[in-house]
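Heads up: numbering here begins at 1 and tracks the sequence.
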Amino acid sequence: MENFEWEILKSEHIVKDRWISLRADTCKMPSGRIVEPYYVFEYPAWVNVVAITKEKEVVLVKQYRHGAQKTLLELPSGGGEVTDKAPVDAIKRELIEETGYTAKEFIHTCTISANPSNHNNLTYCFLALDAELTSDTHLDDTEQIEVVLKPLDEVIFDLKENKFLQALNVTALFHALMHINMIKF
């Protein structure tokens, strides 16, 4: 089998702070060709959840996304923190912080990469059934979130109509809907 792996000869951080880490690698391809610089964004693991209440409503968050310069309706999500022992701990924390909702069971539905070309992290997607409101939200200083409960049928319609812009959310919704037999192959 042919070797496709690149060897990292040198690596240096261009930017590294609490919001972003960008490194420039000098790489050697199996053919011997040198690629430099090759930029890699370093992020912690990301998590998101399709949380569905007993009333068959999906717990969503409406918030402004500056990169797209749009206010979007999305799944509760966030980045892993050093206090999270596993991705499921991160999503439980994010769900309650952003929405005040929790659930007894979190089902891991898939693991995906936002862009394996130049992102080093993975996104862990979960399904939470029978989610219920148990507390107030606990937002970060930069978060301004409105919690929106939307009937599952409307979420499926919006998904078909391409109303979810966030690609990681679309994938999570697809896998969650397969898990609860709302999409079949």
Side-chain angles (χ1 to χ4, degrees), residues 3-30 35-51 58-99 101-103 105-128 137-145 159 164-179:
N3 176 20
F4 291 97
E5 306 295 316
W6 291 9
E7 177 185 353
I8 299 174
L9 303 175
K10 181 178 148 191
S11 201
E12 67 177 301
H13 282 97
I14 306 301
V15 176
K16 188 170 180 85
D17 65 24
R18 71 180 271 215
W19 297 108
I20 191 169
S21 179
L22 174 66
R23 73 171 201 258
D25 291 345
T26 300
C27 302
K28 182 178 176 182
M29 296 175 63
V35 179
E36 66 177 330
Y38 195 95
Y39 295 106
V40 176
F41 290 99
E42 300 175 325
Y43 293 106
W46 291 335
V47 292
N48 64 35
V49 64
V50 177
V58 180
V59 180
L60 299 167
V61 292
K62 183 189 274 189
Q63 60 186 324
Y64 176 73
R65 293 303 198 179
H66 188 67
Q69 295 185 356
K70 295 179 184 289
T71 298
L72 301 174
L73 197 57
E74 299 179 336
L75 298 175
S77 62
E81 295 183 1
V82 292
T83 55
D84 300 321
K85 292 184 170 121
V88 70
D89 298 322
I91 198 52
K92 286 178 180 179
R93 177 186 47 73
E94 286 290 342
L95 181 61
I96 203 155
E97 284 176 1
E98 291 185 356
T99 69
Y101 279 78
T102 192
E105 182 180 14
F106 287 77
I107 302 158
H108 177 245
T109 56
C110 66
T111 302
I112 55 178
S113 172
N115 185 350
S117 172
N118 63 3
H119 288 62
N120 72 334
N121 68 325
L122 296 173
T123 299
Y124 298 88
C125 304
F126 292 90
L127 169 64
T137 59
H138 304 283
L139 302 178
D140 294 339
D141 292 343
T142 59
E143 290 179 314
Q144 181 180 355
I145 290 176
L159 185 60
F164 288 96
L165 183 62
Q166 222 287 9
L168 300 172
N169 285 197
V170 170
T171 303
L173 282 162
F174 175 77
H175 281 273
L177 292 170
M178 277 196 314
H179 188 84

Student: Look at the side chain of D17 and the backbone N and O of I20, then say whether any donor-acceptor pair between them is shorter than 3.5 Å.
Tutor: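 Flag set: sc D17 to bb I20 pair under 3.5 Å.
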Student: Is there side-chain contact between T171 and C110, with at least one heavy-atom pair below 4.5 Å?
Tutor: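 Yes, at least one pair of side-chain atoms sits under 4.5 Å.
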Student: Nearest 0.5 Å, what's the OH-OG1 distance between Y43 and T123?
Tutor: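 It comes to 11.0 Å.
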Student: With a 4.5 Å cut-off on side-chain heavy atoms, are H13 and E42 touching?
Tutor: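 Yes. Closest side-chain heavy atoms under 4.5 Å.
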Student: Please confirm whether the backbone N or O of E5 pairs with a side-chain atom of N3, one donor and one acceptor, at under 3.5 Å?
Tutor: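 Checked: pair present.
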Student: Do Q166 and L72 make a side-chain contact, defined as non-hydrogen atoms from C-beta onward lying under 4.5 Å apart?
Tutor: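 No, every pair of side-chain atoms sits at 4.5 Å or beyond.
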Student: Do T102 side-chain atoms and I96 backbone N/O form a donor-acceptor pair below 3.5 Å?
Tutor: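 No.
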Student: Could you tell me whether the side chain of L75 reaches within less than 4.5 Å of the side chain of L60, counting heavy atoms only?
Tutor: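 When only atoms from C-beta onward are counted, L75 and L60 do touch, with a gap below 4.5 Å.
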Student: Going by heavy atoms in the side chains, are L177 and L159 under 4.5 Å from each other?
Tutor: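 A side-chain contact exists here, since the closest heavy-atom pair is under 4.5 Å.
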Student: Which pairs pass ring pair (Phe, Tyr, Trp, His ring centres under 6.0 Å) with one or both residues in residues 66-99, sequence neighbours excluded?
Tutor: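 Checked against ring pair (Phe, Tyr, Trp, His ring centres under 6.0 Å) - neighbours excluded - the pairs reaching residues 66-99 are Y64-H66.
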Student: Spell out, as yes or no, whether a donor-acceptor pair under 3.5 Å connects the side chain of N121 to the backbone of S113.
Tutor: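 Judged by distance alone, no pair lies under 3.5 Å.
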Student: Are E98 and P76 packed together at the side-chain level, in the sense that at least one heavy-atom pair is separated by less than 4.5 angstrom?
Tutor: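 Yes. Closest side-chain heavy atoms under 4.5 Å.
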Student: If you compare all heavy atoms of V88 against all heavy atoms of F106, which two are closest, and at what distance to 0.1 Å?
Tutor: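 Between these two residues, the closest heavy atoms are CG2-CB, 3.7 Å.
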Student: Sequence neighbours left out, what passes ring-ring contact (aromatic ring centres under 6.0 Å, His included) with Y39? Give chain and number order.
Tutor: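 ring-ring contact (aromatic ring centres under 6.0 Å, His included) check on Y39 returns nothing, list empty.
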Student: Quick check for you: to the nearest 0.5 Å, what is the distance between Q63 atom CD and L73 atom CG?
Tutor: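 One finds 9.5 Å between CD of Q63 and CG of L73.
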Student: C27 and W6: which non-hydrogen atoms are nearest, and at how many Å?
Tutor: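 For C27 and W6, the tightest heavy-atom pair comes out as CB-CE3, 3.5 Å.
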Student: Should V40 and D25 count as side-chain neighbours, where that means a heavy-atom distance under 4.5 Å?
Tutor: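 A side-chain contact exists here, since the closest heavy-atom pair is under 4.5 Å.
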Student: Determine the minimum heavy-atom distance between A90 and G80, stating which atoms define it.
Tutor: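 Heavy-atom minimum between the residues: CB-CA, 4.2 Å.
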Student: Does any pair with a residue in residues 59-69 pass salt bridge (charged side-chain N to carboxylate O under 4.0 Å, His left out), and if so which ones, sequence neighbours excluded?
Tutor: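 Counting only pairs at least two positions apart or across chains, the salt bridge (charged side-chain N to carboxylate O under 4.0 Å, His left out) contacts touching residues 59-69 are R65-E74.
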Student: Which residue is it: V49, T137, L95? I am looking for the one with a side-chain contact (heavy atoms from CB on, under 4.5 Å) to Y101.
Tutor: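 Only match with Y101 under side-chain contact (heavy atoms from CB on, under 4.5 Å): L95.
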Student: What is the distance from atom CG of L139 to atom OG1 of T99, rounded to the nearest 0.5 Å?
Tutor: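 Separation between the atoms: 9.5 Å.
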Student: What are the two closest non-hydrogen atoms of E36 and T26, and how far apart are they?
Tutor: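 Shortest heavy-atom separation between E36 and T26 comes out as OE1-OG1, 3.4 Å.
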Student: How about CD on E143, more than 12 heavy atoms from neighbouring residues, nucleotides or ligands closer than 6.0 Å, or not?
Tutor: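 Check passes, neighbour count above 12.
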Student: Within the 4.5 Å heavy-atom criterion, are H119 and W46 side-chain neighbours or not?
Tutor: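 Of all side-chain heavy-atom pairs linking W46 with H119, at least one is under 4.5 Å.
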Student: Minimum heavy-atom separation for V47 and P87, please, with both atom names.
Tutor: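 That would be CG1-O, 3.6 Å.
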Student: Rounded at 0.5 Å granularity, tell me how far OG1 in T109 sits from NE2 in H179.
Tutor: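 Answer rounded to 0.5 Å: 8.0 Å.
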Student: What are the two closest heavy atoms between G79 and D84, and how far apart are they?
Tutor: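 Closest heavy-atom pair between G79 and D84: O-OD2, 4.5 Å.
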